[in-house]
Amino acid sequence: AESRRALAALPAAERALLWTMTARSNHPVSRSLAEALAAGGGPARLEAAATGASPASASPEGTMEELPGQGLRWHRADGEYRLGRPGFAAAGGAATASAAPAPGDDSTETHFTRDGALIAAFRFEEDYKPDAAAELAALAAQGYDLHLLSGDSQAKVDRAAAALGIAPEQAHGGLTPEAKAALVRALDAHDTLMVGDGINDSPSFEAALCAATPAVDRPVLPGKADFFFLGDGIAALRRALAGARRLRGMLRHNLIFAIVYNAVAVSLSLAGLVDPVVATVLMPASSIGIVAYTTWRLSGRRLAWMS
């Protein structure tokens, strides 16, 4: 409600400028603001207003940048507009993509500024997926080690960890994209699944053994992820991990069969008990048998992949 009042109090030109910035970003905060602005005025009207927001400017004009972990920065003829962390949005704020929240900064507000002067401040509450806590508890019960990695302040991450049932010592806040990737490597990149949905997760995707994302509409992440999932929840993660365990078990069984079969076949051949005609029949027969056995083992569970 407080953020909606702040949006309603903005002059039309600044509402349009803010919409133009947020409509070009996939960050959850930007999407929330863009949807709220569009609900109060059609996108075409907002874009037109942004075009005429300043006599010396046209939209889009100048350079618009999205700095991972910080916010948006737009250079225009009438000034520099920023949307993001208070320290970043203020004059002299961080200008590099690797900046982290200032110590003690709870980062509960997002500031919209022009040349460092505050135009509006917005406060957001986290909205978790409805099944998130239950699914994470189920994964923990299966023996998975769960970590929460975020660029948000530690206080904010601690609240999220408490709500989701993640151990406090495994909730890591205030991380730059590079620090997040380094922590993924430290957690053992040979056995790590990284799940993310923001551009600041891109380095972590490269560091992890396996990566997944629900953000199929983003420009970068789907190309770096090993798989993506859809739906209003995260149950697909547990389903994918269960499927991976079944496939690994199936592969192990096939390897054991191949080793035993070849050991027996070689032993019989060395003993002179297998002539060329029998060997010619047994070779394709074993391959067909493996394929048939694998198909039979997996066919009964094919619906598990459908959601």
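- Checking side-chain atoms of Glu66 against main-chain N and O of Arg73 turns up no donor-acceptor pair under 3.5 Å.
- To the nearest 0.5 Å, the span separating CG on Asn200 from CD on Glu178 amounts to 10.0 Å.
- One hydrophobic cluster holds both Phe124 and Leu7 under the rule that ILVMFWY side chains link at heavy-atom gaps under 4.5 Å.
- Residues Met194 and Cys210 have side chains not in contact (no heavy-atom distance under 4.5 Å, counting atoms from C-beta outward).
- No side-chain heavy atom of Met21 sits under 4.5 Å from any side-chain heavy atom of Leu17.
- Atom-to-atom distance recorded for Arg159:CZ and Ser153:OG is 6.5 Å, nearest 0.5 angstrom.
- Cluster partners of Leu193, using a side-chain heavy-atom cutoff of under 4.5 Å among ILVMFWY residues and allowing indirect links, are Tyr128, Leu136, Leu139, Tyr144, Leu146, Leu148, Val157, Leu164, Ile166, Val195, Phe227, Phe229, Ile234, Leu237, Leu241.
- Looking at Ser30 and Ser25, their side chains do bring a donor and an acceptor atom within 3.5 Å of each other.
- With hydrogens and angles disregarded, a donor-acceptor distance shorter than 3.5 Å links the side chain of Asp131 to the backbone of Ala235.
- The shortest heavy-atom contact between Ala133 and Ala163 is CB-O, 4.0 Å.
- The cluster map of Ile, Leu, Val, Met, Phe, Trp and Tyr, joined by side-chain heavy atoms under 4.5 Å apart, puts Leu72 and Leu10 in the same cluster.
- Residues His111 and Arg85 have side chains not in contact (no heavy-atom distance under 4.5 Å, counting atoms from C-beta outward).
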Anything under 3.5 Å between a donor and an acceptor, one on a side chain of residues 270-286, the other on a protein residue two or more places apart or in another chain? List them.
from, atom 1, to, atom 2, distance (Å)
Asp275, OD1, Val277, N, 3.1
Asp275, OD1, Val278, N, 2.8
Thr280, OG1, Pro276, O, 2.7
Ser286, OG, Leu282, O, 3.3
Ser286, OG, Met283, O, 2.8

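- Residues passing the ring pair (Phe, Tyr, Trp, His ring centres under 6.0 Å) test with His172 are His147, sequence neighbours excluded.
- For Thr213, there are no side chain to side chain donor-acceptor pair (under 3.5 Å) partners two or more places apart in sequence or in a different chain.
- Contact annotation: the side chain of Asp145 approaches that of Gln170 to within less than 4.5 Å [non-hydrogen atoms, C-beta and beyond].
- Applying the side chain to side chain contact (heavy atoms under 4.5 Å, CB included) rule to Asp232 yields the partners Lys129, Pro130; only residues at least two apart in sequence or on another chain are considered.
- Among all heavy-atom pairs drawn from Ala181 and Ala207, the shortest one is O-CB, 3.6 Å.
- The ring pair (Phe, Tyr, Trp, His ring centres under 6.0 Å) search around His253 returns none, not counting sequence neighbours.
- Of the possible polar contacts, one joining the Asp226 side chain to the Ala211 backbone as a donor-acceptor pair under 3.5 Å is found.
- The closest side-chain heavy-atom distance from Pro214 to Phe228 is not below 4.5 Å.
- Considering all non-hydrogen atoms of both residues, Ser204 and Pro177 come closest at OG-O, 4.3 Å.
- When the side chain to side chain donor-acceptor pair (under 3.5 Å) test is applied to Asn262, no partner is found at least two apart in sequence or on another chain.
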Might you work through the side chain to side chain contact (heavy atoms under 4.5 Å, CB included) test for Tyr81 and Thr113, ending with a clear yes or no?
CA-CA 6 Å; Tyr81 293 84; Thr113 65; over 6 Å; no
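- For the pair Lys180 and Asp201, the minimum side-chain heavy-atom distance is below 4.5 Å.
- The side-chain heavy atoms of Phe122 and Leu18, taken from C-beta on, include a pair separated by under 4.5 Å.
- Residue pairs satisfying the ring-ring contact (aromatic ring centres under 6.0 Å, His included) criterion with at least one member in residues 259-281, sequence neighbours excluded, are absent.
- Clustering of Ile, Leu, Val, Met, Phe, Trp and Tyr side chains at separations under 4.5 Å places Leu255 together with Leu251.
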Step by step, work out the side chain to side chain contact (heavy atoms under 4.5 Å, CB included) result for Met64 and Arg24.
CA-CA 9 Å; Met64 187 182 298; Arg24 288 162 170 76; 3.9 Å; yes
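- Rounding to the nearest 0.5 angstrom, the gap separating the CG atom in Leu33 from the NE2 atom in His27 is 10.5 Å.
- The distance from atom CG of Asp78 to atom CG of Asp115, rounded to the nearest 0.5 Å, is 8.5 Å.
- Taking the side chain to side chain donor-acceptor pair (under 3.5 Å) definition, one finds that Glu80 meets it with His75, Arg82, sequence neighbours left out.
- Looking at heavy atoms from C-beta onward, Trp74 lies in side-chain contact with Arg76 at the 4.5 angstrom threshold.
- With sequence neighbours excluded, the residues that form a salt bridge (Lys or Arg N to Asp or Glu O under 4.0 Å) with Arg238 are Glu135.
- Partners of Thr294 by side chain to side chain contact (heavy atoms under 4.5 Å, CB included), not counting sequence neighbours, listed by chain and number: Met250, Asn254, Ile290, Leu298.
- Note on Leu183: it does not cluster hydrophobically with Ile199, by side-chain heavy-atom contacts below 4.5 Å among ILVMFWY residues.
- In terms of heavy-atom proximity, Phe88 sits nearest to Leu67 at CE1-CD1, 3.6 Å.
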